[in-house]
Amino acid sequence: MINTVFRSEDAPAGERFERWRELIDRSRANEATSAHVDDFRAELRVLELGPVTVWRSSFSPAHFRRSARRVRQSDSEVYHLSLLTEGELTQSHERGGSASIRAGGLLVDASWQACEALASASPSGPAADGEPGAVAGVGVDLPKALLPLPQHRVDRLLGRELSVRDGAGALLADFLCGLHRHADTLRTTDAPRLGTVTVDLVSAFFAHALETEAALPPESRHEVLVRGIRTFIRQNLHDPELTPGVVASAHHISVSHLHRVFGQRSRGETVAAWIRSQRLERARDDLANPSLRALPIHAVGARWGLPRASDFTRAFRSAYGLSPSEYRRQALGEHARTS
């Protein structure tokens with residue numbers, strides 16, 4: 001896996017915009033301009049996951065143009081996804097039509113279509129230091145040949161505003177943002193699998209938007225189901241009534257099917273065991289958090305769906321070899337010594 005990181009402050013002021021533009025141009029083949037070239041600010045991280053590229057960038061407002069000439073010069077057939085997390089993005093195509101999105105929106109375009117895009121800061125005003133606000137987002141570039149959906153159907157999504165606030169879109173957004181949060185711990189051997197997961201989640205997202213989920217291969221549907229299950233569990237750890245039955249019902253599957261699909265991804269770990277381990281991990285984080293030192297031990301357990309203090313203490317000691325109070329004392333002592 002190739003992990004490229006660019007920070008404008010690491011380059012001379014007069015070279016910052018050009019270096020950033022060259023990195024963007026490698027995958028998006030755009031002619032970029034900006035009114036802020038003299039003091040351009042940007043951060044960019046590019047992860048190459050086999051044939052799939054995932055990048056995250058924050059940058060000063062800019063204008064992008066992919067001309068018909070650039071399209072003719074390029075032999076790539078790649079779909080580009082642009083998920084905006086800050087600012088605004090307006091995209092127009094040579095064939096007609098335009099769309100604008102704000103944070104939480106996503107646009108899809110293709111390397112074989114000429115287009116223009118204007119990335120601007122939020123209308124809330126300039127940043128505190130008087131400089132223009134930033135635009136930020138996550139992008140995915142993947143060859144169209146990797147998608148299991150017919151091109152004529154996927155092309156219906158080009159230039160449309162798509163939401164990632166719930167469903168398959170939310171799963172995709174969470175995964176993409178999580179990739180960059182953990183980028184420094186990923187290994188080269190992780191790249192092929194992560195690239196495959198990206199394709200599965202994009203495929204499910206497109207299929208949902210097109211209402212053609214049945215066209216997805218079983219592997220893609222399975223990946224999305226398991227990730228949806230894990231996300232649901234993480235969001236409901238606080239509920240002491242969270243059980244495999246509740247999880248299965250929320251996903252409209254039987255408990256036996258839940259155990260089967262979950263076990264295939266969790267190396268035999270049961271759903272109940274995973275719920276318990278997630279609760280204990282969250283509780284452990286809270287116990288080590290100095291800002292929560294005044295929160296009683298039993299309240300920490302109850303906060304993560306373990307309302308009975310004796311059950312919480314017993315499970316915690318079994319998992320970590322220390323009682324919750326012993327762990328907190330040790331963790332906060334180490335924090336005090338190092339701060």
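Index from 1, following the sequence.
Side chain of Ser249 to backbone of Gly245: no donor-acceptor contact under 3.5 angstrom is found. Within the 3.5 Å criterion, the main-chain N or O of Leu171 finds no donor-acceptor partner in the side chain of Asp174. Judged purely by atom type and a 3.5 angstrom limit, Ser98 has no side-chain atom pairing as donor or acceptor with the backbone of Ser92. Judged by distance alone, with hydrogens and angles left aside, the side-chain atoms of Ser203 form no donor-acceptor pair with the main-chain N or O of Leu147 at under 3.5 Å. Counting only distance, with no hydrogens or angles, the side chain of Asn30 and the backbone of Asp25 share no donor-acceptor pair below 3.5 Å. Under the 3.5 Å distance criterion, the side-chain polar atoms of Thr313 are left unmatched by any main-chain donor or acceptor of Ser323. Counting only distance, with no hydrogens or angles, the side chain of Ser277 and the backbone of Trp274 share a donor-acceptor pair below 3.5 Å. Under a 3.5 Å cut-off, the side chain of Arg56 and the backbone N or O of Arg45 do not form any donor-acceptor pair.
Summarising the local packing, NE2 of His222 is surrounded by more than 12 heavy atoms from other residues, nucleotides or ligands at distances under 6.0 Å. The local environment of CZ in Arg276 is sparse, with at most 12 non-hydrogen atoms from other residues, nucleotides or ligands closer than 6.0 Å.
You'll find the side chain of Leu107 reaches within 4.5 Å of the side chain of Leu89, heavy atoms only. You'll find the side chain of Val271 stays beyond 4.5 Å of the side chain of Val255, heavy atoms only. Considering only heavy atoms from C-beta on, Leu186 comes within 4.5 Å of Leu179 through its side chain. Two residues are said to be in side-chain contact when any heavy atoms from C-beta on lie closer than 4.5 Å; Leu287 and Ile297 meet this criterion. Glu281 is not listed as a side-chain neighbour of Trp304, based on a closest heavy-atom distance of 4.5 Å or more. Contact annotation: the side chain of Phe206 approaches that of Leu81 to within less than 4.5 Å [non-hydrogen atoms, C-beta and beyond]. No side-chain heavy atom of Thr196 sits less than 4.5 Å from a side-chain heavy atom of Glu219.
Note on Val37 and Phe6: same hydrophobic cluster, where clusters join Ile, Leu, Val, Met, Phe, Trp and Tyr whose side-chain heavy atoms are under 4.5 Å apart, directly or indirectly.
For the pairing with Glu31, the salt bridge (Lys or Arg N to Asp or Glu O under 4.0 Å) check across Arg65, Arg21, Arg66 returns one residue only, Arg65. Partner Asn236 forms a side-chain contact (heavy atoms from CB on, under 4.5 Å) with one of Thr231, Leu242, Val247 and no other, that one being Leu242.
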(request) Please lay out, stage by stage, how Thr4 and Arg26 fare under the test side chain to side chain donor-acceptor pair (under 3.5 Å). (result) CA-CA 12 Å; Thr4 303; Arg26 290 179 187 177; 5.4 Å; no
(request) Please lay out, stage by stage, how Arg328 and Asp286 fare under the test salt bridge (Lys or Arg N to Asp or Glu O under 4.0 Å). (result) CA-CA 9 Å; Arg328 169 181 269 178; Asp286 283 358; over 6 Å; no
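Residues satisfying the side chain to side chain contact (heavy atoms under 4.5 Å, CB included) criterion with Leu306, sequence neighbours excluded, are Arg279, Leu280, Phe312.
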